[in-house]
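Have a look at the structure below before the remarks.
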Amino acid sequence: MTRYDPKTAEPKWQAAWEDAGVFRARDPQEAGDAPRAYVLEMFPYPSGRIHVGHSRNYAMGDVVARFRRANGYNVLHPMGWDAFGLPAENAARDRGVNPEDWTRANIEVMRGQLKRLGLAIDWSRELATCDPSYYKHQQALFLAFLEKGIAYRRTAKVNWDPVDNTVLANEQVVDGKGWRSGAPVETRELEQWFLRITAYSEELLEGLKGLDRWPDKVRTMQENWIGRSRGAHVRFALSNPPEGAADAIEVFTTRPDTLFGAAFVAVAPDHPLIKAMAADRPDLDAFMRETASMGTSEEAIERAEKKGVDTGLTVRHPFDPDWELPVWAANFVLSTYGTGAIFGSPAGDQRDLDFARKYGLPVKPVVLPPGADPASFEITDEAYIGPGVSFNSQFLDGLETPKAIEAAIAKLEELKAGEGATTWRLRDWGVSRQRYWGCPIPVIRCSACGIVPVPEADLPVELPKDVDFNSPSNPLAAHPTWKHVHCPQCNEMAERETDTLDTFVDSSWYYARFCSPQAADTPVEMDKAAYWLPVDQYVGGVEHAVLHLLYSRFFARAMRDCGYLDLPDGEPFAGLFTQGMVTHETYRSAAGKWLGPEEVREADGSLVDEAGAAVKRGAVEKMSKSKKNVVDLDAFVEEYGADVARWFVLSDSPPERDVQYTTQGVEGAARFVQRLWALVDDHPEGGPGPLTVADGAEGPALEIRRAAHRAAKEVSRAIEEFRFNVAVAQLYELVNTLRKLPSGETETAARAEALGILVRLIGPFAPHLAEEGWARLGGEGLAAVAPWPVHDEALAAQQTVTVGVQINGKKRSEVELAPDADEAAAKEAALADSRTARGLEGLTVRKFIYVPGRIINIVAG
RNA sequence: GCGGGCGUGGCGGAAUUGGUAGACGCAAGGGACUUAAAAUCCCUCGGUCCGAAAGGACCGUGCCGGUUCGACCCCGGCCGCCCGCACCA
């Protein structure tokens, strides 16, 4: 009897897989009749090192990839690097390293770590988005978008740090201040590049309906994000328009039926009207500035205390020219949504009500909730936002809300004061970043010719390497020579665009590039893409539920419209799974410094650091570098092996939920690996092989076969349904059962069959152990390509089922029945049972409920 | 603040999706083996109560209410935690 030693087995089998090239995805011509499967995990940002938390995502994808391959699929399971982004620039600034060197070094380290996890990846397709051979094609796509009008320029707001003279990301704005300078953030308008995702709003919304292998929650989130709403545009004529401003305020509302409850009109603090007045109105100017200092994130704006300033202007009510309403500037009105102006109907909207109460504006109820009495109905501090019947509303009185909306719109159109309209919450995608470490936007600004695309022959526009990170502003713009070029059209001196693309652009099409990663002349080879796409199973964190996934769906369509991709329904990801995180306890020193788990030990029941000082145990949180609660993958693999890491992150918690890292849990996984090995190693050397079919087995041998076939059935189903923790539990059960059943000579053939099944079932989870077991049992070739065990339904089926017997819904007993027993048999068995009989004493049976295989419920009284 | 999700023993979770709540794992307790320890193996393990025991009763899936023969599952209201909010990836 030997112990299983991952340290020797794992590198051995990893080399064997590589030598045999078993994970190489075959091109369509080579693949023959094999069905294809594209399995993809969201590719990592090369931040430094992989920790056990990251590995869960890849382990899950790998289970699917290995399962599909064992089932005869031609599998594409690639890996790449989302390699552009802010952290590299931060490292450059903080540590004086070059972003590219830093990134490439990280990739080297992380690739090694992933390889040591034993993932079934086709490494020949590896790509990195920071590689000119990748972003060259991205630049070509951008130019195609520009030509199609999908890419365009306009001004937009950014967070501006006035001390560092730099644009700040939302995460760099802390409490309205720059994270490094501490200076209050200003909002600035900048010329920026945008992608016209809003042109696809309707299609992106409609497309969600067909994504039946996506989690409902993600579809709902995208639906809400796109945010289609029907309503009306209403024009409120200004009684006394200020000079240089329009003579009316246009408002969007979903509830034109509440127009008679209007108390005020409110515009965004940066609405053109306010800008026009700001010069003569210090209070408005101050309000505008104050609001701007909140930053540009919607969250900050929404959380801020609701405030407003009376502009002194008035507008006329569209239905009654004699009725004047005050115009306020309000910080909860977003200039980016609708028309940047609203009318306030306090009785029907909570925010409007709070605002009205705060500033003493009238509250007039105009929608009567069902069953309420019009004479006594009042609004106190809670608005009624639901549907009802209009009242206090002249020609709308008595109409149900939907009818009232229609009637109000008809009237607006008749008066030419407005019209029915649909607006969307979705905004165009701002892709300009004033940063160095991103894909350069391939255009040249010429004072004579305007915006000139870089000729395709000149792509890629590469990033310069000799950049200075000491000044905080965009190093590309600050570079002495890089931006100075001749205009491709007039040949006069001109300047390159110094903005780079949002890194979400990089990740919006990488799944397509994987189909033909080496193609030099085109982003995507259409025939390869047609074969592989859409991705059958995409795996990643829920945090990407909206942005990355929506941008990718948009990109697939924009590429289609430019002739670069042709997906049947435009959707790049047919199946999506959003996995949970790996969490870990956090630790802090007395001084509040975060400590890593390896710096903490237990002494006399309390936690201390290496020096013996007391350590505070903090909350269990998602593994992250910033809180140091990470377990490095290499250290883990060194101690336990890759299979234990994979087994652990897949067991216990359902994949969509978080799993908590505990040393005990890991030890349990490690014990299981040894127990399984002992079971396999107990088999007689040179005995029957792992593909044995022990026909005619009886007694314990039959039990052995039954257990194995039942496990094959359940594990296959669990993998198919993405319930890996259930598959793991089934495998534990099979191992427990096999250990309990006898292993005499008469059971040898059945054991060979069962162990052969077990080893293959283990494969997707603990692939190295599976290979070692397969070899030990005398299996031919590699377990990684051995056929998946197909269970015999007759063997897997239960012979009898235990059915609970309830009396009036309370469980009183249970009976053994054949799975297909009919009601008469069930009734007979139930009534014959002594405990049931005792429970029924003195009662008359009124109803007998029997659900085969599930429950018997006797209603008696 | 808005949108989405989650909540079951000491802990992670299972429950064939309206049908025996607690599979499987961890921890804990008891025992076997051992000079001893580790490793391994066996048994017990939601709570309260009745009973020497065998066994039995009641309570129990965040909280309150509802629908149903039957609710962890469906409906209404609340509480707590997590994710996203457009320049983090």
Side-chain angles (χ1 to χ4, degrees), chain A residues 42 44-45 47 82 84-87 90 158-159 167-173 192 215-218 220-225 227 296-306 332 336 351 425-435 502-504 507 541-548 550-551 578 580-581 583 619 621-622 651-654 656-660 662-669 671-672 674-675 678 714 717 723 725-726 728-733 736 739 802-814 835 846-851 853-860:
Chain A
M42 290 180 186
Y45 177 79
S47 57
D82 190 11
F84 276 135
L86 265 184
N90 294 336
V158 294
N159 299 311
V167 176
L168 296 176
N170 281 337
E171 71 154 10
Q172 297 172 326
V173 179
Q192 308 241 61
D216 288 342
K217 61 174 174 180
V218 175
T220 311
M221 279 191 252
Q222 292 215 353
E223 202 179 306
N224 292 336
W225 187 265
T296 57
S297 91
E298 191 167 302
E299 183 191 359
I301 295 165
E302 291 257 336
R303 272 180 190 272
E305 189 198 344
K306 308 288 177 278
F332 60 86
T336 49
R351 216 157 41 176
R425 208 184 76 97
L426 184 65
R427 313 199 292 258
D428 274 340
W429 176 12
V431 293
S432 280
R433 296 293 180 269
Q434 292 69 41
R435 320 225 173 262
D502 178 7
T503 57
F504 272 125
S507 54
V542 243
E543 65 273 21
H544 294 293
V546 177
L547 295 180
H548 162 61
L550 190 63
Y551 290 151
T578 53
M581 316 283 175
T583 60
E621 297 191 61
K622 166 182 158 184
S651 56
D652 294 350
S653 278
E656 68 277 12
R657 235 188 280 179
D658 291 351
V659 62
Q660 190 187 337
T662 59
T663 312
Q664 292 92 327
V666 171
E667 299 281 354
R671 268 199 299 273
F672 175 75
Q674 292 302 335
R675 231 179 305 157
E714 296 300 329
R717 185 167 71 178
R723 291 147 49 82
N725 57 321
V726 176
V728 164
Q730 294 292 338
L731 288 164
Y732 269 112
E733 216 163 311
N736 290 345
R739 277 151 54 89
T802 312
V803 176
V805 180
Q806 297 178 339
I807 295 171
N808 294 329
K810 276 187 189 267
K811 191 192 160 195
R812 284 294 120 107
S813 183
E814 50 192 33
R835 281 192 294 175
R846 302 203 191 282
K847 199 169 165 192
F848 186 85
I849 295 158
Y850 171 55
V851 183
R854 301 259 198 279
I855 200 77
I856 290 166
N857 189 12
I858 302 168
V859 184

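Quick note on labels: first sequence line is chain A, next is B, and so on, each numbered from 1. Predicted model only: the values in this text are computed from it and were never measured.
In this structure, the CD atom of A:Q192 is 14 Å from the P atom of B:A86, given to the nearest Å. Summarising the geometry, the separation between CG on A:D216 and P on B:U17 is reported as 17 Å, rounded to the nearest angstrom. Distance A:Y551 OH to B:A86 C1': 5 Å, rounded to the nearest Å. Atoms CG (A:L547) and P (B:G84) sit 10 Å apart, rounded to a whole Å.
Look at the P atom in both B:C64 and B:C79: the space between them is 15 Å, to the nearest Å. Straight-line distance between the C1' atoms of B:A32 and B:A23: roughly 27 Å, to the nearest whole Å. When the P atom is used for both B:G76 and B:U20, the distance is 25 Å, rounded to whole Å. Rounded to a whole angstrom, the distance from the P atom of B:U8 to that of B:U61 is 11 Å. Using P as the reference atom, B:C63 and B:G56 are 28 Å apart when rounded to the nearest Å. Remark: the separation of the C1' atoms in B:G22 and B:G9 is 7 Å, to the nearest Å. Comparing B:U68 with B:C73, their C1' atoms are spaced 13 Å from each other, to the whole Å. When the P atom is compared between B:G47 and B:G84, the two are found 38 Å apart, to the nearest whole Å.
Nearest-nucleotide assignment on RNA chain B puts the 5′-proximal partner with A:R723, out of A:R723 and A:Q664.
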- Message: Walk along nucleotides 69-75 of chain B from 5' to 3' and tag each nucleotide B, S or - by protein heavy-atom contact under 4.0 Å, base first, then sugar-phosphate.
- Response: BS-----

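Regarding the sugar-base torsion, B:G9 falls in the syn class, its angle being within 90° of 0. Because its glycosidic torsion is within 90° of 0, B:U17 is reported here as syn.
Comment: A:R425 engages A:E298 in a salt bridge, judged by a side-chain N to carboxylate O separation of less than 4.0 angstrom.
Residues satisfying the side-chain contact (heavy atoms from CB on, under 4.5 Å) test with A:R657, not counting sequence neighbours, are A:P654. Take A:R671 and apply the side chain to side chain donor-acceptor pair (under 3.5 Å) test, not counting sequence neighbours, and it matches no residue.
Of all nucleotides present, only B:A28 satisfies the Watson-Crick or G-U wobble test against B:U44, with each distance under 3.5 Å.
As judged by a 4.0 angstrom heavy-atom cut-off over every strand, A:F504 is placed among the base-contacting residues.
No donor-acceptor contact under 3.5 Å links the side chain of A:R854 to the base of B:G19.
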- Message: I'd like to know whether A:E302 forms a salt bridge (charged side-chain N to carboxylate O under 4.0 Å, His left out) with A:R351, so could you lay out the CA-CA distance, the side-chain angles of the two residues, the decisive distance to 0.1 Å, and finally the verdict.
- Response: CA-CA 11 Å; A:E302 291 257 336; A:R351 216 157 41 176; 3.6 Å; yes

